[in-house]
Amino acid sequence: MWFGAGLLAFGVAGAVEMPPSPRSGFEDMSRETQAMQRDDTTNPGMLWVSDGEALWTKKAGLGRSCADCHGDARTSMRGVAARYPAYAPEQDRPVDLEGRINLCRETRQNATPFPRESRELLALTAYVGFQSRGLPIAPDPDPRLEPFRARGEALFRQRQGQLNFSCAQCHDDNAGRRLGSAIIPQGHPTGYPLYRLEWQSLGSLQRRFRNCLIGVRAEPYASGSPESVDLELYLMSRAQGLPVETPAVRP
Ligand code: HEC
Ligand code: HEC
C-alpha cells in the first residue's frame, strides 16, 4: 500500500528538530480504533488473551502446565513483558518473550516448541503480555545486553532494501507525517502481540517488522532471528516509560 509510486513524498521537510518525546502509535489512531482497543468487550485481542489463559493451565509434555510452576500469572508474570527481551544464559544472548516461552516448553515441559506466529504462541504471549498492561516499559539493565542493543540500534539506522531507507528515516525523522493514507508513527513496540485491522488477526512485532521491510523492498528477517530480537531490544529502550498496551489494536 504505502510502497506505491508516491512513496517518499513525505510532505514539506521541517527544520532540524530535537528528538520528540516518545509517543505511542495509539495517539495517531482514529477515535473509533482507540475506543476498540480501550474496551475489552470490543478489543479482538482479548480473544487471544483468554485462549492464552486456558493454555496456561493445560498440561503438556512431561505433564506439567505453566501454572504448575508459575502459579497465578496475574502475580508471577506481572511486569515481565515490560522488561523483555531479556538475557537468556542458555543461549548467551537475549531472547524475546516468545523465545522465553518456547524455552520453557522445550526445557521445562519437554514439549515441542510452538511455531512462531502460531495461534498458541500468540495466545500465550498475549496472555503474559497482558499481565503488564499499563505498566511502564522498563528495559532489562543487564550489562550483557549492551552489545546486542547497540547492534539493534545500528540495524535501525542502516539503510536497506531497493528503496534504500532506514527505519530511523521514517520513525525518527518523519514521524507524524503522512505516507499515503498512513500516519508514520514513532514505531514503538508498546502493544505486541497486537490486533491489526489490516491483518484481521493478532500478530507479533516480527510480523510488523516484516511489513515495514517489505515496504522498502528489503529481505524480511526470519521470526525469532538474532536481528529481530536485537532490534526489539533497541526499540524497547527507545520506548522506555511508555505504558504496555498488550493487546493493542492498530489500523
Ligand atoms: C517445570 C517448571 C516450569 C514450567 C512447566 C514452565 N516454566 Fe516458565 N520458567 C521456569 C523457570 C525455573 C524459569 C526461570 C528460570 C529460567 O531462566 O529458566 C521460568 C521462566 C519463565 C519466564 C520468564 C520470567 C522472567 O521473569 O523473565 C516466562 C515468561 C515463562 N517462564 C513462561 C512460561 C510459560 C508460558 C510456560 C508454559 C508454556 C512455562 N513457563 C512453563 C519453570 C517453568
Ligand atoms: C518508508 C517508511 C518506513 C520505514 C522505512 C519503516 N517503517 Fe515502520 N512503519 C511505517 C508506517 C507508515 C507504519 C504505520 C503502519 C502502516 O500503516 O503501515 C509503521 C509501523 C511500524 C511499527 C508499529 C508501531 C505500533 O504502534 O505498533 C513498528 C514497530 C515499526 N514500524 C518498526 C519499523 C522498523 C523496525 C523498521 C526498520 C526495519 C521500519 N519500521 C521501517 C513506515 C516505515
Side-chain angles (χ1 to χ4, degrees), residues 1-3 7-8 10 23-29 52 55-70 73 76-81 83-90 95 97-111 113-114 120-121 123-125 127-129 131 140 152 155-161 163-171 173-175 177-192 194 196-198 203 205-206 208-216 218 220-221 227-228 231-232 234-235 239 245 248-251:
M1 35 169 293
W2 44 261
F3 44 94
L7 178 75
L8 315 192
F10 286 119
R23 174 186 161 93
S24 165
F26 179 87
E27 311 288 339
D28 300 320
M29 306 199 299
L55 284 169
W56 183 257
T57 52
K58 196 174 154 193
K59 300 197 183 296
L62 295 175
R64 298 179 88 174
S65 69
C66 317
D68 287 338
C69 290
H70 292 291
S76 66
M77 292 292 136
R78 190 171 158 76
V80 170
R83 62 173 163 75
Y84 263 66
Y87 186 78
E90 301 93 322
V95 284
L97 199 50
E98 285 93 334
R100 176 70 258 177
I101 291 170
N102 266 339
L103 274 176
C104 276
R105 281 278 296 177
E106 266 189 289
T107 65
R108 310 273 170 190
Q109 292 182 303
N110 228 12
F114 296 118
E120 291 90 342
L121 190 54
L124 272 172
T125 310
Y127 181 60
V128 172
Q131 310 310 325
D140 189 335
L155 286 174
F156 189 78
R157 304 197 178 286
Q158 169 191 307
R159 289 171 174 263
Q160 329 196 36
L163 298 180
N164 201 27
F165 248 72
S166 70
C167 317
Q169 281 176 291
C170 280
H171 293 299
D173 305 345
N174 285 290
R177 298 215 170 101
R178 279 187 179 277
L179 189 52
S181 61
I183 293 179
I184 304 175
Q186 290 180 3
H188 296 298
T190 46
Y192 290 84
L194 58 69
R196 247 195 114 186
L197 301 174
E198 189 177 304
L205 178 61
Q206 323 234 327
R208 176 66 254 185
F209 290 167
R210 204 175 307 153
N211 287 181
C212 283
L213 285 164
I214 289 172
V216 294
Y221 308 126
E227 288 93 342
S228 55
L231 198 46
E232 177 174 357
Y234 170 65
L235 288 183
E245 295 169 48
V249 177
R250 291 290 183 271

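Along the sequence shown, residues carry numbers from 1. Whatever order the structure lists ligands and atoms in, that order sets their numbers, starting from 1.
The aromatic rings of Tyr234 and Phe156 sit tilted, their planes meeting at an angle between 30° and 60°.
Without hydrogens or angle criteria, Ser65 side chain to Asp68 main chain gives a donor-acceptor distance under 3.5 Å. Between the Arg196 side chain and the Pro251 main chain, a donor and an acceptor come within less than 3.5 Å of each other. Here the side chain of Arg105 pairs no donor or acceptor atom with the backbone of Arg108 at under 3.5 angstrom. No donor-acceptor pair under 3.5 Å is formed between the side chain of His171 and the backbone N or O of Ile184. The closest donor-acceptor contact from the side chain of Thr125 to the backbone of Glu98 lies at 3.5 Å or more, if one exists at all.
The contact set between ligand 1 and Ile101, taken as ligand atoms under 4.0 Å from a residue heavy atom, comprises 35 (C). Proximity to Cys69 (heavy-atom distance under 4.0 Å) selects the following atoms of ligand 1: 1 (C), 2 (C), 3 (C), 4 (C), 5 (C), 43 (C).
At least one N/O-N/O distance between His171 and ligand 2 falls below 3.5 Å. Polar contact check, Arg250 against ligand 2: a nitrogen or oxygen pair lies under 3.5 Å apart.
Closest approach of Gln131 to Met77, counting heavy atoms only: CB-O, 3.7 Å. For the residue pair Ala175 and Gln186, the shortest heavy atom distance occurs at CB-CG, 3.8 Å.
Contact annotation: the side chain of Leu55 never approaches that of Cys66 to less than 4.5 Å [non-hydrogen atoms, C-beta and beyond]. When side chains are defined from C-beta on, Ile101 does not count as touching Tyr127, because their heavy atoms never get closer than 4.5 Å. At a threshold of 4.5 Å between non-hydrogen side-chain atoms, the residues Arg250 and Phe26 count as touching.
Close to ligand 2: Tyr192, with a non-hydrogen atom less than 4.0 angstrom away. Not close to ligand 2: Leu163, with no non-hydrogen atom less than 4.0 angstrom away. Heavy-atom distances between Arg177 and ligand 2 stay at or above 4.0 Å for every pair. Within the 4.0 Å heavy-atom shell around ligand 1 one does not find Tyr127. The shell of residues lying under 4.0 angstrom from ligand 2, judged by heavy atoms, includes His188. The closest approach between any non-hydrogen atom of Ala218 and ligand 2 is not below 4.0 Å. Heavy-atom distances between Gly215 and ligand 2 stay at or above 4.0 Å for every pair. In this structure, Asp68 has no heavy atom closer than 4.0 Å to ligand 1.
For atom 14 (C) of ligand 1, no protein heavy-atom neighbour is present inside the 4.0 Å cut-off.
Contacts of Asn174 with ligand 2, taken as heavy-atom pairs under 4.0 Å, are absent altogether. Contacts between Arg83 and ligand 1, counted as non-hydrogen atom pairs separated by less than 4.0 Å, involve the side chain only. Counting heavy atoms closer than 4.0 Å to ligand 2, residue Leu231 contributes side-chain atoms (C-beta onward) but none from N, CA, C or O. Residue Ser65 touches ligand 1 through its backbone alone, judged by heavy-atom distances below 4.0 Å. Counting heavy atoms under 4.0 Å from ligand 2, residue Leu205 touches it through the side chain alone. Contacts between Phe209 and ligand 2, counted as non-hydrogen atom pairs separated by less than 4.0 Å, involve the side chain only.
With rounding to the nearest 0.5 angstrom, the CD atom of Glu232 is 10.5 Å from the OH atom of Tyr192.
Nearest protein heavy-atom contact of atom 29 (C) of ligand 1 is Met77 SD, 3.7 Å. Closest protein heavy atom to atom 18 (O) of ligand 1: Arg108 NH2, 2.7 Å. Nearest protein heavy-atom contact of atom 28 (C) of ligand 1 is Arg100 CG, 3.7 Å. Scanning the protein for heavy atoms near atom 27 (O) of ligand 1, the closest one is Tyr84 OH, 2.7 Å.
Nearest-residue assignment for atom 35 (C) of ligand 2 (options Gly161, Ala168, Cys167; heavy-atom criterion): Cys167. In this comparison of Gly191, Pro220, Ser166, Cys212, the heavy atom closest to atom 5 (C) of ligand 2 sits on Ser166. When the heavy atoms of Gln160, Glu198, Arg196, Met29 are ranked by distance to atom 16 (C) of ligand 2, first place goes to Arg196.
Note on Cys170: not counted as a metal contact of atom 8 (Fe) of ligand 2, no N/O/S atom lying under 2.8 Å. For atom 8 (Fe) of ligand 1, the set of nearby N, O or S atoms under 2.8 Å includes none belonging to Cys66.
Of the N and O atoms on the side chains of Thr107 and Glu90, not one donor lies less than 3.5 Å from an acceptor on the other residue.
With atom 8 (Fe) of ligand 1 as the vertex, NE2 of His70 and SG of Cys104 span 170° to the nearest 10°.
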